[in-house]
Q: 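Sending over a structure as structure tokens; questions will come in a sec.
Below, chain A is the first sequence line, B the second, and so on; all start at residue 1.
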2 protein chains.
Amino acid sequence: MVTLEDVAKLANVSTMTVSKVLRGTGAISKQTRTRVFEAADKLGYVPNRLAGSLSARKSMLVAVLIPSIADTVYAEIISSLHSLLDQASLSIFIAESLMDPEVEERQIQELLSLRPAFLVRSGGIASTQRTKMLLQRFGVPHIQIWDGDDPQGQATVGPSHIEAGKIAASHFLELGLRKVAYIGAETHKDICASRRMESFIGDMTAAGAETRVLTEPDLPRQAESGELLTHRLLEDGLQVDGIFYLNDAMAIGGLRFLLKAGLRVPEDVRVMGFNGTSREQTINTRLTTISTNGHALGQTVAKTILENIGGQLPTSRTLCPVTLDLGNTT
Amino acid sequence: MVTLEDVAKLANVSTMTVSKVLRGTGAISKQTRTRVFEAADKLGYVPNRLAGSLSARKSMLVAVLIPSIADTVYAEIISSLHSLLDQASLSIFIAESLMDPEVEERQIQELLSLRPAFLVRSGGIASTQRTKMLLQRFGVPHIQIWDGDDPQGQATVGPSHIEAGKIAASHFLELGLRKVAYIGAETHKDICASRRMESFIGDMTAAGAETRVLTEPDLPRQAESGELLTHRLLEDGLQVDGIFYLNDAMAIGGLRFLLKAGLRVPEDVRVMGFNGTSREQTINTRLTTISTNGHALGQTVAKTILENIGGQLPTSRTLCPVTLDLGNTT
DNA sequence: TTATTATGTGTTATCGATAACAAAATGGAT
DNA sequence: ATCCATTTTGTTATCGATAACACATAATAA
């Protein structure tokens, strides 16, 4: 393995000089610079950032902890985050918390063991006491994303799920709906979803509408679950004129079932999703949904990181806009 | 920051003893073990893996380079990879190549600077000469995924895109189609897509069918592009009875356009996608598609890594199955 | 010419762990 | 009590860089 020293020997300078040249710090004459570059190039030298970070007591790593990489929302955020951080030579490493506080704790420990410069962590789950202590003790600049309503991190970037619920409610109310349902899954773990549900149900109830909540723990948040729960809702003989789903996938499953059951959407029942991830995928139906812009969120996070790298990350809160995307299901 | 030494002092032993206890190596008496654990616990010690890896000359890092994190296929692979590697305390860090050989080269360099134990890299693009040299020189165990037809890595895991194209062709031929088109995008960069296209067109032509290829560089591989290119195809006045799309998103866009244009699917035109990512998302239409199992792929990769960690990664090739998912568009 | 700055370049200590080997403690067996 | 084999613990060197400062060398001023 080629080291700084090998390059130094070939270029006939000290390792320190090579280090300076390669990082562009310090004052090195043009000739030695080219000599060093040539040597490094000839040897195919790739710096060892493990050693570098250890020595400099600062790393170029950004740790990201999200519930699931396979979830489009987070994937989009990370992708956008990556593309900006990349320009600053910051590497991203990721872990999944699966919405489980215990897992989150373990993962954060793993992540911290790499001594990242920043920790980007999805909020929305009830972190354990130990997790909070760890974060505090380590003093890593810590950005919480997704749960914009809860300013836990030093910086918080995310949509307000309370607002999302309000938007759904006000839209349903404008349409004059009087009997509505919320259909979700795993509500006990997902604080963000709970916020949407509560503010939605709260507003609807306050306006005198009849409400119903259907959730079931340990149900994957997929189309089939939407179908299942919608099926259950209808079985109960309940007549609803609007359903707000946990996410788009479940809304689509629900739609599937409603149409199969002979109901007309939006004439008989109106349907609203959350997340806007399905806009791309549907053919005739454009789901009415409340969407957040993952790309923008990622950008904001990246900007926050780049602006504060090396310094103190100030406490701040950025609320990302949530917008109502009118489709043809309401 | 708490170090090994702090723990050692508190437990009244040497750092080496602490190191051994925490890693479970060497023979340490039960009492010192508990003493060390208690001390570590009290101090909230989290090992510094930068230092550890540097010292042990081996890291617990797995580098992953894929075209795009936001792409469902890859996200699924990484997610499944993560969940297995996690059990072995292997951390994943990722980078996007954007299907650009230059970017790939830069990213690989960044990734190698962390001295990963394994490099998982998506094939399907034409790597630069320097990239190949780097990989060889570094001798990192290197697993190529996605392009199962091209055994470039020490281990290759992926579907055969040639087979995928053949499956599409044979299905179309069984249905008696005589005039078919392939609609794609960015074909010059994406070798995998090219393989599908070529084997599809090859087989169709060999069977005497009339074929047409419509691709355009620098077009995002999204629904809109599918709409656009399908529009263009129809404009040309060409009558086709089957279209094979680059991926599901584009197929869905295509479908959207075909239906808008008053064509019946599958009666007038048959449509086939690739990837099976949309099964979840559609409501009435189940797109006929050729799908690969990203989860299984990730598992295979993880297994390969876990089995060969610390040792030599033997050259191997695992072809992942591609299956025809019959929907109602053919 | 000598003193005084800049401008380059090199020295030494250090970061936080682990490997490899060395030393001490323990426990029978004689 | 002595010795050898185990079991347990500690020492020293090292991994590959960087920080901080020290030392040359060249450029400018007095």
Q: I'd like a table of donor-acceptor pairs (distance under 3.5 Å, sequence neighbours excluded) in which one partner is a side-chain atom from residues 53-65 of chain A, with atom names and distances.
A:
{"from": "A:S53", "atom 1": "OG", "to": "A:R49", "atom 2": "O", "distance (Å)": "2.8"}
{"from": "A:R57", "atom 1": "NH1", "to": "A:S55", "atom 2": "O", "distance (Å)": "2.6"}
{"from": "A:S59", "atom 1": "OG", "to": "A:L61", "atom 2": "N", "distance (Å)": "3.3"}
{"from": "A:S59", "atom 1": "OG", "to": "A:R115", "atom 2": "O", "distance (Å)": "2.7"}
{"from": "A:S59", "atom 1": "OG", "to": "A:A117", "atom 2": "N", "distance (Å)": "3.3"}

Q: When you check the side-chain N and O atoms of B:S83 and A:E96, is any donor under 3.5 Å from an acceptor?
A: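 Short answer, no.
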Q: Kindly give the atom pairs (protein nitrogen or oxygen, nucleotide nitrogen or oxygen) under 3.5 Å for nucleotides 25-28 of chain D.
A:
none

Q: Check for a donor-acceptor pair, side chain of B:S80 on one end and backbone N or O of B:Q299 on the other, with a separation under 3.5 Å.
A: yes
Q: Looking at every heavy atom in both B:R317 and B:D149, which two are closest together, and how far apart are they?
A: NH1-O, 3.5 Å
Q: Can you work out whether B:V13 or B:R115 has the more 5'-proximal nearest nucleotide on DNA chain D?
A: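 The residue mapped nearer the 5' terminus is B:V13.
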Q: With a 3.5 Å cut-off and no angle check, do the side chains of B:T17 and B:S14 form a donor-acceptor pair?
A: yes
Q: How far apart are the closest heavy atoms of B:L313 and B:F118, and which atoms are they?
A: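 That closest heavy-atom pairing would be CD2-CE2, 4.2 Å.
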Q: Is there a side chain to side chain contact (heavy atoms under 4.5 Å, CB included) between B:R35 and B:V21? Walk through the geometry before answering.
A: CA-CA 10 Å; B:R35 208 143 36 90; B:V21 169; over 6 Å; no
Q: Would A:V7 and A:V2 count as a side chain to side chain contact (heavy atoms under 4.5 Å, CB included) if you check the C-alpha gap in whole Å, the side-chain angles of each, and the deciding distance to 0.1 Å?
A: CA-CA 8 Å; A:V7 179; A:V2 183; 4.3 Å; yes
Q: State, to 0.1 Å, how close A:L319 and A:G148 come at their nearest heavy-atom pair, and which atoms those are.
A: CD2-O, 3.6 Å
Q: Is it true that B:D190 and B:R221 make a salt bridge, defined as a side-chain N closer than 4.0 Å to a carboxylate O?
A: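 Counted as a salt bridge, because a side-chain N and a carboxylate O are separated by less than 4.0 Å.
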Q: Distance under 4.0 Å to a non-hydrogen atom of chain A counts as contact; along DNA chain C, which nucleotides mark the start and end?
A: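 Extent of the interface on DNA chain C: C:dG8 to C:dG16.
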Q: Take the C1' atoms of the five end pairs on each side of the helix from C:dT1-D:dA30 to C:dT30-D:dA1, derive the two axes, and give their angle rounded to 10 degrees.
A: 50°
Q: For DNA chain C, which residues of residues 24-56 of chain A approach it to below 4.0 angstrom with any heavy atom?
A: A:A27, A:I28, A:S29, A:T32, A:L54, A:S55
Q: Checking A:R33 now: which residues fulfil salt bridge (charged side-chain N to carboxylate O under 4.0 Å, His left out) with it, not counting sequence neighbours?
A: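 Partners of A:R33 under the salt bridge (charged side-chain N to carboxylate O under 4.0 Å, His left out) test: none.
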Q: Identify the two heavy atoms, one from A:V157 and one from A:C320, that lie closest to each other, and give their separation to 0.1 Å.
A: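 So the two residues come closest at CG1-SG, 3.8 Å.
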